[in-house]
Each structure stands twice: as C-alpha cells, then as structure tokens.
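Scroll down for the structure; my scribbles are underneath it.
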Amino acid sequence: MSEHVLVINAGSSSLKYSLMDTGSGDAVASGLVEKIGEDQSHHVHHGPSGDAEDDQAVADHEAALEAAVRAFEKHGPALDSVDIVAVGHRVVHGGDRFAEPALVDNDLIAAVNDLVPLAPLHNPANLEGIEVARRLFPDLPHVAVFDTAFHQTLPPYAYTYAVPASWLDDYGIRRYGFHGTSHAFVSEQAARLLDRDPGEVNVIVLHLGNGCSATAVRAGKSVDTSMGMTPLEGLVMGTRSGDLDPAIHGHLARVADRTAEETDRALNKESGLKGLTGVNDFREVSRRRADGDESAQLAFDVYCYRLKKYIGAYYAVLGTVDAIVFTAGVGQNSAEVRAAALDGLESLGIHLDPARNADLGGVLAGAFVSTDDSPVAVLVIPTNEEWQIARQAVEVLSR
Ligand code: AMP
C-alpha cells in the first residue's frame, strides 16, 4: 500500500487540502474551502468519483477542516482507509530560522509566531491551520514546510539590502525569497529531464502564477531570487507591482497623503496586471491584447520585459546556464510569454523552437521547447508544490 500525506495550506480565509500519494505525486483527493467566516462559504471537494460542492457557511478554520473530513467520509476516500503517515503544512515565512522542513512541536509554533511581523497575513493563518489540524489529527506527525527555506542558501551579498546595517538585526530586513517549494521541485525535475544530477546543473526557474518569482539555482542550491523580504519584490504579478523605486512610498505620503498601509495595500492588491488593465487573470489580459486593447498590450510588454531583465541578470549571476524553466499557470500555459521573454536572446545560446513552444503536446512530465541544438535548454515543467511538501514531510520523518 502506498504512503500518503495530507497536505494543508491555510490562508487567512481559505483552507486548501490535498491527500497526496507520495510515490506517484498524484492527489488522491483534494479540496478548497473559501470565504471562511463569511455568510456563505464555498467548499469544493475533488474525490475519486468526481467533484462535490457545498455553499454552507463555515465559521472558522476548525469548521473548515471538519468539513473537509466529512467530505472525505462522504465522497471518498475515507481517511481511515488510506495509509496516512503525516500531515504536511505549508508555512510561508520561516525567516532565517528554518533552512529545512521541520517537525511541528511547541518550539516550532513559538518560532513561527515570532516571525509573524515578517508575514503578518500569512503566518497567523498557517499557524491556525497547524493548530486545528493537530487537534483533529493528534496521532499523526505534523511537518511544517517553509516557502522561504530553499532560499536560505543565498550568499550574504545576494540577501543583504544596502540599508543601515542595524536594520537586519533590529527588524530582520533582508531578502528571504518565497515560492521555495516550487523552485526546489521544478529545478530538481529539470535536472531529471536533462538526465543530469541536480548537483551539477545551473537553472533559472521562472514561477509565473498569480504570484511570480525567478530563481537562480546553482548546482541544486538557490543563489538568488526575485522576491525579497516580502513577496512584493521582483517580477510583475497578478496584483503586485514587483520592483519599483522605494521613494514612491514617501512621495505618495507627501503629495497624496497616503499612509504606508494604503500604499502597501495598493502595491500588493491593486497593482501588477490588475493595476495596468483592471484584471489580474492573465488569460483575460491575453484575450484583450488579442482584441487590440492598448492597456493589455502595455501590461504584457511590461510583464515580459521585466522577465527578460531577470533572465539576463541571473544568467550573469550563474555564468553558465543549462536550462531556463517555465512553471505555474502562466509559465506552463502561455507560449506568447515564453516567446516574448526569450526573444532576441539567441546570442546567449537560448534558442526557442516555435513549433514546440506553441504545442507542448501534454506537458504532465515536462517538455523541451528549445531546439535540439540550443546550448541552453528551455523547459516547461508543471509545478507540484503539494507533492514536494508530501515528500519533504516523509523525509523529515525518516531523519
Ligand atoms: P497559478 O497561481 O499557478 O494558479 O496561476 C494563475 C495564473 O495563471 C492566472 O493569471 C491565470 O490567468 C494564468 N493561466 C492559467 N491558465 C492559463 C492559460 N491557459 N493561458 C495563460 N494563462 C493562464
């Protein structure tokens, strides 16, 4: 019987769960409870016999996880019929305390709590998920897998901001990076596709989802990444601006009387594709661009130009690049983004094959979209963060 891990990703008003087969990476069942605490919540459970939906109000995370357990009982598979070895929890911010996944105990909870100032929206929700799951599954080991952990190998010159040195000790101000679970998974899969050992390849991973980040991976280790102290820095995203002049905060405070919180919120929730076009969904931006919408065209150009700049920067960081990998919703599905971001980079040995790029032909295991003789391979690899969390949970148990 294969081993399974129940993977939980608790957000401020949502709870996502997947029952992962650790061997195959398949989700045996999964689900999402949204709008927790509102009058009408939404719960969808994808089980072996199809999808089941429920719109009853779910008061809190405990009720959400109880609803998930009921959905497993009703729509399958019954949790006691499956060999579950652990519960794996996604935790956004591990600061510089966690370079690896770790078994949940009271010390870990206290440490994640200490890191709340660095991730005020995410860490409290993640902790809530952990506490609720420990109550409902007291006999299973719980493992925390941190979004930041993969990037703890960044050298000091890559994670240090050129600000007063005391800010690091006083406020923890440095680059941490995020999406680490995805970057770790995808860079390892890239080595596999290249038929090489992860310890001997250099890759640039572009995780382009609603959140976007680029990572330079040297010999299996993250050496630079575009997200910073928070997930705001770097690439243009669905609703986040990515890089911008830090003086904009002060300027808006002076000329528009905007508080730090207001500007923070606008840069995180009302910027990026949404700020430029009014919509954060890339598919809609693409549709509008195809219809000749000028703001959609500009947003597309800003998005791809920023990507190209990071590819160039990380090429310089790595010196030699074996592969550029596109992953997540936009990276896996948008041939036009891949083509635009890599356009004109042939002199760097990056040769996209237009026919392969346009038609991946079922990308489940990953696909080459570069020409056979391209010195730098261009790959499209589906990310599977849940599987990575499940595998890491098992690894922690075997230590
Ligand atoms: P993720 O966060 O990985 O789920 O990615 C979400 C983003 O991927 C959204 O902006 C979607 O619009 C985008 N996306 C999903 N499917 C496609 C597609 N077929 N073509 C372009 N973008 C897509």
Side-chain angles (χ1 to χ4, degrees), residues 7 9-12 14-18 25 27 30-32 34 42 44 46 90 92 121-122 147 177-187 189 205-215 225-227 231-232 234-242 268-291 293 295-304 306-307 325-342 352 356-364 366-367 369 379-389:
V7 174
N9 181 354
S12 55
S14 68
L15 188 129
K16 209 169 149 187
Y17 58 89
S18 308
S30 61
L32 172 66
E34 287 176 294
H42 183 67
V44 60
H46 311 285
R90 176 184 182 222
V92 167
L121 296 179
H122 293 106
D147 251 24
F178 299 86
H179 287 151
T181 305
S182 176
H183 287 292
F185 177 81
V186 169
S187 52
Q189 294 297 316
V205 181
L206 305 166
H207 176 113
L208 310 177
N210 202 19
C212 301
S213 63
T215 294
T225 192
S226 59
M227 284 179 166
L232 182 59
L235 300 174
V236 177
M237 315 186 202
T239 63
R240 298 190 194 115
S241 63
N268 276 290
K269 303 267 183 210
E270 305 295 336
S271 297
L273 296 174
K274 187 173 181 199
L276 294 175
T277 67
V279 290
N280 66 308
D281 190 308
F282 198 88
R283 282 165 293 198
E284 180 57 25
V285 176
S286 271
R287 252 178 252 127
R288 292 185 187 184
R289 174 174 171 254
D291 289 344
D293 181 309
S295 68
Q297 180 64 50
L298 178 63
F300 179 88
D301 291 344
V302 173
Y303 185 100
C304 294
R306 184 84 51 87
L307 255 179
V325 193
F326 288 84
T327 192
V330 178
Q332 289 165 217
N333 292 298
S334 178
E336 51 191 357
V337 164
R338 296 191 295 266
L342 300 178
L352 199 65
R356 287 180 183 168
N357 187 43
D359 181 10
L360 300 176
V363 63
L364 271 182
V369 293
L379 307 172
V380 177
I381 299 179
T383 192
N384 190 339
E385 289 167 278
E386 288 76 18
W387 190 17
Q388 180 74 0
I389 291 174

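Read the numbers this way: they start at 1 and go in the same order the structure lists the ligands and their atoms. When reading the values below, keep in mind they use all heavy atoms of this one structure, side chains included, and skip hydrogens, waters and symmetry mates.
- Checked by atom type, the side-chain pair N384/Q388 shows no donor-acceptor distance below 3.5 Å.
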E270 vs T239, side-chain hydrogen bond (donor to acceptor under 3.5 Å, both in side chains): CA-CA, chis, key distance, verdict: CA-CA 5 Å; E270 305 295 336; T239 63; over 6 Å; no
Run the side-chain contact (heavy atoms from CB on, under 4.5 Å) test on Y303 and L208 for me, step by step, so that the C-alpha distance in whole Å, both residues' side-chain angles and the decisive distance to 0.1 Å come before the verdict. CA-CA 10 Å; Y303 185 100; L208 310 177; 3.6 Å; yes
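- Applying the salt bridge (charged side-chain N to carboxylate O under 4.0 Å, His left out) rule to R306 yields no partners; only residues at least two apart in sequence or on another chain are considered.
- Counting only heavy atoms from C-beta outward, the side chains of Q332 and T383 approach each other to under 4.5 Å.
- Sorted by chain and number, the residues within 4.0 Å of ligand 1 by heavy atom are G209, N210, N280, D281, F282, R283, A328, G329, V330, N333.
- Using a distance-only test at 3.5 Å, with no hydrogens or angles considered, no donor-acceptor pair links the side chain of R90 to the main chain of A10.
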